[in-house]
2 protein chains.
Amino acid sequence: MRKFHHDRPLLFEPYEWQVVEKQYSEQSNKRNETVFALGNGYMGMRGSFEEGFWGNPENAAPATYINGIYEYKDYVYLWKRPGFPDRTHSILNVPDASGLSFYIDGEKVDMTPERVENYNRTLDMKRGLLSRSYRWTSKEGKIIDVCFKRFLSLDDIHVAAIRCEFMPLNFSGEIIIKSYIEGEVKGTNLGKAEIGKLDMPALFINDMGAGGGSAFFTHVTKKSGFTVATATSDKFMQRLLCNKTVEINEAYKSGHYYYFNVTKGETYSFDKFICYYTSRDTEKSNCKTYAYENAKKCAQIGFEKLLFNHTCKWEDFWEKADIIIKGDPEIQQAIRFDLFHLMQSTGKDGKTNISANGLTGDGYQGHTFWDTEMYIMPCFLYSNPEIVRNLLMYRYNILDKAKMRAKQMGGEGALYSWNSINGEECGFVFEAATAQYHINCDICYAIYKYVEATKDEEFLVNYGAEILFETSKFMAHRGCFIKYRGGKFCINVVCGPDEYTPAVDNNCYTNTLTRFQLNFALETAKLLKEKYPDIFCALCSKIGLDEAEFELWEKAANNMYIPYNEELGLLMQDDSFIYRDPLEIDAIPFDKIPLLNNLHPLNLWRFQVSKQADLVLLMFLRSQDYTIEMKKAVYDFYEPKTIHDSSLSASVHSIVANEIGYYDQAYNYFIQAARMDLDDYNLNTSNGIHAACMGGTWMAVVNGFAGMRVIEGMLNFKPHLPEKWERLEFKILFQGSLINASFTKSSALYTLISGNPIKILSSGEEIFLHEAGAEKRVYAEA
Amino acid sequence: MRKFHHDRPLLFEPYEWQVVEKQYSEQSNKRNETVFALGNGYMGMRGSFEEGFWGNPENAAPATYINGIYEYKDYVYLWKRPGFPDRTHSILNVPDASGLSFYIDGEKVDMTPERVENYNRTLDMKRGLLSRSYRWTSKEGKIIDVCFKRFLSLDDIHVAAIRCEFMPLNFSGEIIIKSYIEGEVKGTNLGKAEIGKLDMPALFINDMGAGGGSAFFTHVTKKSGFTVATATSDKFMQRLLCNKTVEINEAYKSGHYYYFNVTKGETYSFDKFICYYTSRDTEKSNCKTYAYENAKKCAQIGFEKLLFNHTCKWEDFWEKADIIIKGDPEIQQAIRFDLFHLMQSTGKDGKTNISANGLTGDGYQGHTFWDTEMYIMPCFLYSNPEIVRNLLMYRYNILDKAKMRAKQMGGEGALYSWNSINGEECGFVFEAATAQYHINCDICYAIYKYVEATKDEEFLVNYGAEILFETSKFMAHRGCFIKYRGGKFCINVVCGPDEYTPAVDNNCYTNTLTRFQLNFALETAKLLKEKYPDIFCALCSKIGLDEAEFELWEKAANNMYIPYNEELGLLMQDDSFIYRDPLEIDAIPFDKIPLLNNLHPLNLWRFQVSKQADLVLLMFLRSQDYTIEMKKAVYDFYEPKTIHDSSLSASVHSIVANEIGYYDQAYNYFIQAARMDLDDYNLNTSNGIHAACMGGTWMAVVNGFAGMRVIEGMLNFKPHLPEKWERLEFKILFQGSLINASFTKSSALYTLISGNPIKILSSGEEIFLHEAGAEKRVYAEA
């Protein structure tokens with residue numbers, strides 16, 4: 001396998017439930033804004049400081065995002081060709097309402113290194129709570145301990161709460177606290193160049209005010225037409241004596257100055273409640289009132305109660321989704337870190353999704369890709385299937401945009417955009433964005449997996465079917481029966497998952513998943529026709545489907561061209577890959593990676609190099625269709641030609657390596673994925689988390705080391721634990737049965753916790769858990 | 001064959017030597033600015049009016065160009081990838097010095113329709129003279145006949161001369177003549193969108209002045225650093241009584257008003273001499289003086305003498321290059337129109353070239369493409385080989401830029417830019433510009449043809465070899481021996497001449513010409529090594545060539561992969577073409593053509609459609625390598641799949657159709673090419689001539705209907721005249737023998753006019769012309 005980019009040391013000590021920073025460094029500030037970011041699916045807040053950043057502004061990118069709130073920007077092409085998208089859109093920074101700073105003798109308390117000691121920042125993943133504390137000494141020698149705690153409520157998703165605890169250690173007297181909303185919103189645009197950089201300001205102030213401990217802003221966007229209301233409400237403990245309150249009503253700031261009298265040695269706390277509402281949530285005219293009243297209500301409820309409600313939700317999540325790995329604390333921490341961030345970043349309302357960077361950065365403009373369906377959904381599917389349903393509903397809700405996109409591309413039916421927030425295609429690198437038609441198949445595959453795991457026929461009938469039929473129509477008309485390929489159905493000039501090999505014919509992944517999707521669509525049509533004839537009729541009429549269309553799908557599926565080399569006994573990634581110029585991957589110096597940034601596209605394309613798992617991914621997704629020998633052949637041929645310039649690659653290689661018994665490679669690939677952001681392998685964690693890589697880590701554990709597959713509707717496990725691991729344990733909710741699976745190197749123990757009796761296969765051995773509480777242990781062969 | 005885009009009527013009566021416009025129409029103004037454009041290779045002037053354009057400014061695009069004078073413009077990419085060119089450059093409009101207008105009672109004499117009658121504009125192609133006359137009536141009823149004559153001297157290329165003859169018909173009294181240079185230079189950017197539109201102004205005034213009948217401007221460009229001096233000198237016949245002269249020294253105009261007393265019924269003439277010099281011609285500091293003094297000198301020499309010298313040059317050209325076609329006056333006119341414009345547009349100084357639009361428009365930004373080598377050189381090669389030598393010297397002189405480009409592309413040796421003026425790559429559509437690596441082969445092919453026709457070993461040794469070696473080095477390292485292609489040498493991810501099928505592997509044209517070029521390079525290396533060892537050594541050391549390199553070329557040439565389908569007995573255009581989605585070309589409506597403007601590139605690429613002659617071109621270029629059956633197979637397969645969205649396509653199809661006996665198609669394709677600009681088939685003559693199409697027309701006559709080839713160093717003819725043609729006659733200068741070839745439908749007559757005895761083949765029959773004056777007639781079989 002290829003050498004790693006970096007042999008990075010652990011950046012954080014491997015606590016099971018925590019990420020702790022004990023030494024602050026300005027140079028790591030942006031990276032740690034990502035690592036310590038909080039979110040609740042509705043909104044996200046990077047790990048910036050309430051009191052502001054003391055250092056070089058280039059080393060900070062504070063940002064708060066609201067899922068689905070974006071602004072447009074027109075593309076200016078050198079040559080705009082037919083079907084090129086007119087514009088892009090990017091997730092917006094919304095007003096930063098976290099501003100909370102102390103002044104002692106006119107001096108601001110902040111993280112200026114020479115004034116700070118006893119620094120600690122702890123992310124408590126179990127409770128979703130971020131704490132940061134330090135001891136500060138003023139120029140005149142006054143010492144104060146401060147501690148900020150904050151969370152973004154998983155219970156009331158509009159709400160964030162901040163508590164600041166502080167204790168004057170060697171003085172009594174006046175402390176001024178400034179609590180405010182910053183109404184001037186700047187762009188961050190982490191990572192990428194000019195492409196997604198919005199014209200600033202993108203948010204224009206519509207209304208603002210402060211008084212009585214509350215403050216608010218209402219902003220609007222000019223092109224996308226959103227209204228964003230930001231409100232805060234401050235609250236402090238009774239014994240904190242307030243002499244005076246001064247309202248802040250500046251051009252771009254609203255809030256208050258509080259003048260407190262404090263006593264040496266006493267501990268005080270000051271709470272701030274933040275609330276956001278946007279015109280996605282309610283009428284524009286209501287946003288301000290909702291945010292303002294809700295913030296005030298939160299102040300009444302109080303920090304403790306809000307935190308309790310929030311923590312309960314996290315407990316609930318971990319109860320279902322946690323993975324226990326004993327014997328490998330780095331990995332234990334990593335898998336929780338990954339699950340924690342995925343949960344934080346995922347929209348759960350059927351109208352928002354998860355961006356490639358989650359809600360922790362805008363390196364990918366807040367855009368959703370196939371990452372959601374192929375890398376992120378699995379980790380929720382067997383614990384929180386309602387999240388998956390909502391993510392699929394997002395696709396259903398943008399089906400109109402996908403139909404529009406199909407038209408723009410001269411096609412029929414629907415073509416989902418490669419990257420987008422609202423469904424409109426933003427991908428301008430047509431040969432590697434638009435050309436990834438497999439996004440259609442991926443979504444259908446995800447629908448299949450969701451229905452398979454949940455038996456949610458209601459969803460399939462009322463929503464899934466329409467997506468399936470529209471996208472199948474597109475694929476069936478995008479391909480063609482080619483005479484010189486024996487009349488087989490070919491899909492020419494596409495890009496598969498390997499973005500370094502675009503504009504090729506018959507990408508095996510794309511063709512195979514298209515066949516899968518067409519067959520699934522035909523089965524679904526049959527189901528509807530037989531069981532829900534009215535819905536079927538209505539759908540056919542809405543979409544424009546007739547017998548000829550279904551026959552075309554059948555013919556295409558039955559005659560799908562699958563590139564295969566008889567002589568080599570090998571699936572071909574596409575019609576060209578094996579004929580391309582060989583490249584010795586291990587000889588490429590690190591500073592030439594990613595190749596994308598170092599090779600002219602004509603050179604990038606001509607080399608026999610895969611950016612990421614392509615056929616290897618297919619070996620996992622359609623595991624049941626291939627023998628171990630076929631998988632081995634694919635892995636042996638393509639793995640040495642894969643450079644893993646995508647963070648989506650390592651986890652999948654780990655899974656397949658596990659299956660074919662390449663256990664060392666399996667673990668090596670796995671650790672590359674598991675701590676990628678935590679240890680900043682690619683030096684780009686600062687731009688935001690790599691959500692798909694995190695989801696892939698879950699897959700590498702559950703589908704890889706535990707060897708879980710669903711074959712013919714039955715759960716299969718085939719565990720093989722890495723050397724270090726003493727125990728691997730997780731729960732799986734499958735077709736109404738909640739089971740616990742616990743693996744050691746010598747045995748597998750399955751327990752039916754609740755729900756239906758279930759039959760499963762463990763390393764080929766059939767196991768039947770007949771009632772709740774039933775357990776079955778299987779011993780590994782020596 | 002595909003239906004024509006347009007069934008257009010003749011736009012101009014088919015005079016043998018003239019193009020005449022008798023009815024003026026504002027709507028045709030821009031088109032006719034191109035048709036009536038003059039040029040001399042150094043500069044070109046569109047057929048605009050001396051007195052200015054009277055109508056809607058959108059219907060005029062007056063422009064004067066100087067070959068090789070351009071300005072830069074930075075490219076702004078959405079995503080600039082490695083090797084993408086930083087900037088483009090476009091030919092500039094230089095100051096319009098033709099301004100010459102009459103005022104009668106304060107009213108300007110111009111082409112306002114209600115004032116004009118007896119209009120006539122005649123382009124005399126034999127003499128290179130443009131005349132325009134009309135009768136003008138003032139509001140008060142004063143009538144004057146005016147006639148403008150102008151030419152751009154082929155004898156002194158810096159000089160243009162204008163004579164205005166006029167006669168007051170019904171009045172005597174004052175006429176004011178304004179003669180001036182317009183110093184404010186605007187852009188035209190005909191045809192293309194924003195790509196090549198330079199920021200205006202691009203020319204900044206450095207100096208100016210007027211006095212004593214002379215005027216001048218000196219302009220500079222800011223980025224490219226050119227100085228352009230424009231000067232005029234006026235002269236009028238002695239009996240034209242001048243009462244007063246007023247100098248014009250405005251911000252953007254320099255020149256004079258002349259107040260004349262004229263007498264009814266008398267004919268007068270007023271002459272204006274224009275001269276341009278640029279910093280390409282001399283030191284910057286000299287430009288003004290050279291232009292100014294030369295314009296004054298011209299005034300002394302006088303219009304008649306200058307015209308005589310000019311006309312002698314044209315006579316000389318026609319003597320060598322004319323083609324006589326009896327029986328088809330439309331074609332007779334067309335072939336002369338084509339040769340006329342090619343001669344006008346071609347740089348002949350070894351430092352300038354010929355733009356795709358000649359010097360008649362900037363639709364292609366003044367850029368040179370492969371058009372020069374493959375479509376334009378042939379028409380000069382056998383009549384004016386020194387022009388071809390100079391065009392090849394242009395390539396030699398930009399070899400440093402080609403080496404730089406190779407480096408940018410991560411390659412070795414030299415890669416010529418796809419489109420450029422100064423040698424820097426301007427092509428930003430990388431998959432169809434940069435990817436057309438065959439430009440290297442094309443240039444080598446042209447060197448071969450030049451040396452073949454002239455035996456100019458001095459050129460080959462001192463210049464050609466270096467081009468050959470540098471470009472061969474590039475090609476040999478760009479391709480690769482591919483294991484799964486039996487170890488054959490493949491050139492992957494390229495674009496052949498068919499720009500609708502980019503980024504494919506093993507374009508047959510490219511591979512075949514690369515093989516040809518490598519073999520030619522090896523032969524040349526052998527020649528040098530044996531005959532000019534010092535030069536060879538110096539070259540090897542300069543370029544970095546060793547035995548291993550030559551061995552690589554040999555191995556690559558000997559193992560070149562040529563895509564061929566055994567089953568179909570057919571050469572493959574590339575590895576993908578025959579497997580692409582079929583498209584019924586005849587079913588495409590005219591308003592969807594060119595496809596380029598109507599299909600998303602992924603759709604354009606996936607269809608089995610060729611933009612232009614690709615393999616069919618190869619069948620002509622390497623005629624000797626293919627049997628008639630192979631050519632027929634290629635034509636039969638690819639011709640129906642070719643949409644001819646390039647003006648380079650029809651002529652080549654005509655040639656090959658002729659060779660394989662498809663005579664109807666040969667003539668039909670031919671007439672599409674021959675009068676393309678004259679009859680404005682594609683409604684884009686306004687943007688400038690299609691130089692390559694004009695060159696292709698010559699090829700279609702000489703290589704097509706006369707069937708001329710050079711095979712193993714011997715001239716071959718295989719005439720087959722179209723039905724209408726009574727006689728086809730032209731001269732050919734080949735290896736020091738000047739022959740006249742005259743064909744009728746029943747015979748071919750060859751005469752050695754001068755030079756060496758020569759052996760030729762006429763329809764397979766060997767003919768020996770042993771001394772000057774020797775004639776041989778061959779009769780066609782009944």
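The figures that follow rest on heavy atoms only: side chains count, while hydrogens, waters and symmetry mates do not. Just so it is clear: chains get the letters A, B, ... in the order the sequence lines come, proteins before strands, and each one is counted from 1.
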Okay, B/Asn598 and chain A: the region with an atom under 4.5 Å from a heavy atom over there is backbone
If one checks every heavy atom of B/Arg81 against chain A at 4.5 Å, the contacting part turns out to be side chain
On a heavy-atom basis, the closest approach of A/Asn492 and B/Arg580 is ND2-CA, 3.4 Å
Can you confirm whether B/Pro582 sits close enough to A/Ile482 that some side-chain heavy atom of one is under 4.5 Å from a side-chain heavy atom of the other? yes
Of all heavy-atom pairs linking B/Leu596 and A/Pro82, the shortest is O-CD, 3.9 Å
Turns out that what part of B/Leu568 lies under 4.5 Å from chain A's heavy atoms comes down to side chain
Taking every heavy atom of B/Met409 against every heavy atom of A/Asn603, the minimum-distance pair comes out as O-ND2, 2.8 Å
Counting heavy-atom pairs under 4.5 angstrom with chain B, the leader among A/Arg478, A/Glu431, A/Glu567, A/Gln408 is A/Arg478
Margin query: Tell me if the NZ atom of A/Lys401 is crowded by more than 12 foreign heavy atoms within 6.0 Å.
Written below: yes
Check: Parallel under 30°, tilted from 30 to 60°, perpendicular over 60°: which one fits the rings of B/Trp605 and A/Phe430?
Finding: perpendicular
Practice task
For the residue pair B/Asn565 and A/Tyr484, establish whether any side-chain heavy-atom pair is separated by less than 4.5 Å.
Solution key: no
Side chain proximity check, A/Asn506 to B/Tyr579, heavy atoms < 4.5 angstrom:
no
Checked B/Val494, B/Ile491, B/Asp575, B/Asn597 vs chain A; the most non-hydrogen pairs under 4.5 Å come from B/Asn597
Whatever's closer than 4.5 Å to a heavy atom in chain A on B/Val429 counts as side chain
Bottom line for A/Tyr437: the part with an atom under 4.5 Å from chain B's heavy atoms is side chain
_Does A/Lys483 have more than 12 heavy atoms from other residues, nucleotides or ligands lying within 6.0 Å of its NZ?_
no
| said: A quick test of your reading: do over 12 heavy atoms of other residues, nucleotides or ligands sit less than 6.0 Å from NZ of B/Lys592? | reply: no
Non-hydrogen side-chain atoms of B/Val76 and A/Val76 separated by less than 4.5 Å: no
Turns out that what part of A/Phe84 lies under 4.5 Å from chain B's heavy atoms comes down to both
